[in-house]
Amino acid sequence: MAQHDIGALADLEENRPLKVMAGETAILVIRRGSEVTALAHACPHFGLPLSKGHLDGDRLICAFHHACFDISSGKQTQPPGHGDLRRYAVEHRDDHILVEVPEAADPHPAPAHVRRGKEARRVVIAGTGAAADACALTLREEGFEGSISMISPEGQPPYDRTLLSKGVLASGELPRHLTLTPPEALAERDIDLVEGRVAAIDTAAKEVRTETGATHGYDALLIATGGTANLLDLPGADLGGLHHLRSRQQAEILTRAAGKAKRAVVVGGGFTGLEAALSFAKRGLEVTVVLREETPLAKIVGEEIGRAIRAEHEAKGVRFVTGANVAGFEGEGHVSAVRLENDERLQADLVLLAIGVRPATAIEGLSPDEDGGLRTGPDLAIEGLDGVWAAGDVARVPTPWGRVRIEHWRVARQHGARAARAMLGKPASEIDVPFFWTALGRQYRYLGHAEGWDEVRIDSDPTADFTARYVKDGRVMALLGAGRDAEIARAHAEMIRAAGPLPG
């Protein structure tokens, strides 16, 4: 244990997260009056500096991906990442602040958890994505000692799908952050990983059946099956070289194909398609994006910002073909061209179909909405099904932004934790504010949720640093920013306090 003098109390700025070196260790110091708190400086998500974050009372919001922490305890309260912040002992001596930093101490201790005990209650989780992982971990951390079984269609432990279109495709390698909870961590918590795909639910018998006929009894069931890629039923759709990007296995196949290809066509201009297009371009491929609409992402971010995003891609060498519909695919055994309805042919060595997903809810015993979503209450319990919850891409949830189904990774983790607490009869402490980020030509942060708006208020040229506010019925439903991380983090704290959208 080493004690370090980090300076005089009077020299520490109040109510602001500060990076201070304690010997060779970077620590986060927060001064409020004469009280000084010292914590780990790096966010457990990707190790980014929490001194850039926004402090709101005892809540600290990471400016980059909006993990939230209670500085009074160091506990992480909102995703992403999974680990608390180590608190370091602080001593006042002669108006100076001394901090004790243990040698080789983990700056992000895992939250305390229980293991399986004598409790007979059984929880089954259909899926192993972000929502499933968060649910299983939260159950143990909230003291649940019954059995937990996660049914995995891939037989894989939980991993971060958001990296597939970025880190995996751009580098051709699986990044070390891909796995969320490794097998050894699941074993330490007695969380059973079962390979299979749920085909049916019998709510009377409280059983789920997989496609192989195996049955699993439950007392509480979470449907966190995510989405399945939309397909194109067109001539040539069975050719080799056509890819989707929803799983680790698909990403591995696609990245190997990209290593041998010269020309890639991406069909679809959503976030996954645009991220993948840039990843291909980084690897030296000639990339063409085919869009039905004229401007990518216009329905989500608006025309003006969509045009700026397109320009960023074009600056990286990505070509756009807009107002186009795919008529089919050509080639002998392997795709060589994408044929459009106007008979234009786009030469291709590989094609990525990034045309969205549909909730994976084609399960006997469920009654999804027309789009495949499952209607839940605020606690994520599925309406009309006793003991069954839904989370992530499949859940249509009543929120302060309306009844919405949001296909974003951080929201899925929020859902998983909320469902776990509901299963244990514990109420949510505060609202879950939606937030996501994307790495395109630059980093964009999106806070809140707006499926439509009366106006978009942009405070600057969107080709420079800017913040956009999406206003409907006099309320700011969402904000989008680039280069404005601190401002978006501050708005996040305001939305938590307002319990929803902000006054316009």
Side-chain angles (χ1 to χ4, degrees), residues 43-46 62 65-70 73-86 106-117 119 121-152 154-163 176-194 218-226 379-380 389-393 395 408-430 432:
C43 180
H45 179 222
F46 279 148
C62 175
H65 303 117
H66 288 216
C68 298
F69 305 89
D70 180 349
S73 64
K75 183 176 177 59
Q76 184 171 4
T77 59
Q78 288 283 346
H82 189 255
D84 295 336
L85 301 180
R86 180 170 294 282
D106 186 349
H108 305 126
H113 63 84
V114 300
R115 304 191 64 158
R116 184 173 180 178
E119 186 172 346
R121 195 173 182 217
R122 304 158 298 172
V123 172
V124 171
I125 301 172
T128 48
D133 182 57
C135 180
L137 296 178
T138 302
L139 284 168
R140 289 294 189 231
E141 289 159 17
E142 293 288 342
F144 176 67
E145 295 185 351
S147 68
I148 303 175
S149 297
M150 300 174 70
I151 302 178
S152 169
E154 300 176 56
Q156 295 275 354
Y159 61 89
D160 184 353
R161 286 186 175 86
T162 68
L163 296 176
R176 64 184 179 89
H177 290 293
L178 189 65
T179 298
L180 294 172
T181 305
E184 57 270 22
L186 295 175
E188 287 172 1
R189 293 159 176 78
D190 292 320
I191 298 169
D192 299 323
L193 189 65
V194 180
Y218 68 84
D219 297 291
L221 170 65
L222 179 69
I223 305 298
T225 43
D379 65 349
L380 299 169
W389 285 259
D393 292 1
H408 291 300
W409 185 85
R410 184 178 181 275
V411 169
R413 293 199 70 80
Q414 290 173 315
H415 282 182
R418 179 178 289 264
R421 295 186 179 101
M423 291 175 184
L424 302 178
K426 298 183 178 182
S429 57
E430 61 186 21
D432 292 329

J.: Do the side chains of Leu139 and Leu424 get nearer than 4.5 Å, heavy atoms only?
T.: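 Leu424 vs Leu139: side chains touch.
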J.: Between Pro80 and Ala67, what is the shortest heavy-atom contact and its length?
T.: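 Closest pair (atom of Pro80, atom of Ala67, distance): O-CB, 3.3 Å.
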J.: Closest heavy-atom contact between Leu193 and Ser152?
T.: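 That closest heavy-atom pairing would be CD1-CB, 3.9 Å.
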J.: Applying side-chain contact (heavy atoms from CB on, under 4.5 Å) between Glu119 and each of Arg122, Arg116, Arg121, report the one that passes.
T.: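 The option that passes is Arg121.
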J.: Keeping the roles fixed (side chain from Arg410, backbone from His66), state whether a donor-acceptor pair exists under 3.5 Å.
T.: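 Confirmed, Arg410 side chain pairs with His66 backbone.
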J.: Restricting to non-hydrogen atoms, name the atom on Asp106 and the atom on Pro109 that form the minimum distance, rounded to 0.1 Å.
T.: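 Residues Asp106 and Pro109, closest heavy atoms: O-CD, 3.6 Å.
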J.: With sequence neighbours left out, which residue pairs that include part of residues 182-192 fulfil the side-chain hydrogen bond (donor to acceptor under 3.5 Å, both in side chains) condition?
T.: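 Residue pairs with at least one partner in residues 182-192: Arg115-Asp190.
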J.: Give me the atom names and distance for the closest heavy-atom approach of Arg140 to Gly146.
T.: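 Looking at all heavy atoms of both residues, the shortest contact is NH1-O, 2.8 Å.
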J.: When you measure from the side chain of Asp84 to the backbone N and O of Gln76, does any donor-acceptor pair fall under 3.5 Å?
T.: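 Yes, because the side chain of Asp84 sits within donor-acceptor range (under 3.5 Å) of the backbone of Gln76.
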J.: Between Cys43 and Phe69, is any pair of side-chain heavy atoms under 4.5 Å apart?
T.: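 Touching, per the 4.5 Å side-chain cut-off.
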J.: Taking all atoms of both residues into account, what is the closest heavy-atom pair of Leu380 and Ala395, and its distance?
T.: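 In this case the closest contact between Leu380 and Ala395 is CD2-CB, 4.4 Å.
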J.: Show, in sequence, the C-alpha distance, side-chain angles and deciding distance for Ile148 and Ile125, and conclude whether the side chain to side chain contact (heavy atoms under 4.5 Å, CB included) test is met.
T.: CA-CA 8 Å; Ile148 303 175; Ile125 301 172; 4.0 Å; yes
J.: Can you tell me how far NE2 of His82 sits from NE2 of His45, rounded to the nearest 0.5 angstrom?
T.: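 Going from NE2 on His45 over to NE2 on His82, the span is 13.0 Å.
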J.: Which pair of heavy atoms, one from Ala391 and one from His415, lies closest together, and at what distance?
T.: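 Heavy atoms only, the tightest pair is CB-CB, 3.5 Å.
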J.: Indicate yes or no: at least one non-hydrogen side-chain atom of Thr128 is less than 4.5 angstrom from one of Gln156.
T.: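 No, too far: nothing below the 4.5 Å cut-off.
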J.: Pair Trp389, Arg418 - check side chain to side chain contact (heavy atoms under 4.5 Å, CB included), show working.
T.: CA-CA 10 Å; Trp389 285 259; Arg418 179 178 289 264; over 6 Å; no
J.: Out of curiosity, Cys135 SG to Ile191 CD1, how far, rounded to the nearest 0.5 Å?
T.: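 Going from the SG atom of Cys135 to the CD1 atom of Ile191 covers 9.5 Å.
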J.: Not counting sequence neighbours, which residues clear side chain to side chain contact (heavy atoms under 4.5 Å, CB included) with Thr181? List them please.
T.: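 Only Asp133, Leu137, Ala185, Leu186 meet the side chain to side chain contact (heavy atoms under 4.5 Å, CB included) criterion with Thr181.
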J.: Is there a side-chain contact between Tyr159 and Glu154 in this structure, where contact means two heavy atoms from C-beta onward sitting under 4.5 Å apart?
T.: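 A side-chain contact under 4.5 Å exists here.
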J.: Roughly how far, to the nearest 0.5 Å, is NE2 of His113 from OG1 of Thr138?
T.: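 With rounding to 0.5 Å, OG1 (Thr138) is 12.5 Å from NE2 (His113).
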J.: Examine distances only and state if a side-chain atom of Arg421 and a backbone atom of Gly425 form a donor-acceptor pair shorter than 3.5 Å.
T.: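 No; zero donor-acceptor contacts below 3.5 Å.
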J.: Below 4.5 Å, heavy atoms only, C-beta onward: do Pro157 and Pro183 meet side chain to side chain?
T.: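 Pro157 reaches Pro183 side chain to side chain.
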J.: Determine whether His108 and Leu85 make a side-chain contact, defined as any pair of heavy atoms from C-beta on separated by less than 4.5 Å.
T.: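 Yes. Closest side-chain heavy atoms under 4.5 Å.
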J.: If I take atom CZ from residue Phe46 and atom CG from residue Asp160, how far apart are they, to the nearest 0.5 angstrom?
T.: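 Here the rounded value is 6.0 Å.
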J.: Nearest 0.5 Å please: distance from the CE atom of Met423 over to the CG atom of Leu221.
T.: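 These two atoms lie 7.0 Å from each other.
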J.: Is there a side-chain contact between Asp432 and Val411 (heavy atoms, below 4.5 Å)?
T.: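 The answer is no, as the side chains (C-beta and beyond) never meet within the 4.5 Å cut-off.
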J.: Once you round to the nearest 0.5 Å, how far does SG of Cys68 lie from NZ of Lys75?
T.: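 Answer for the SG-NZ pair, Cys68 versus Lys75, is 13.0 Å.
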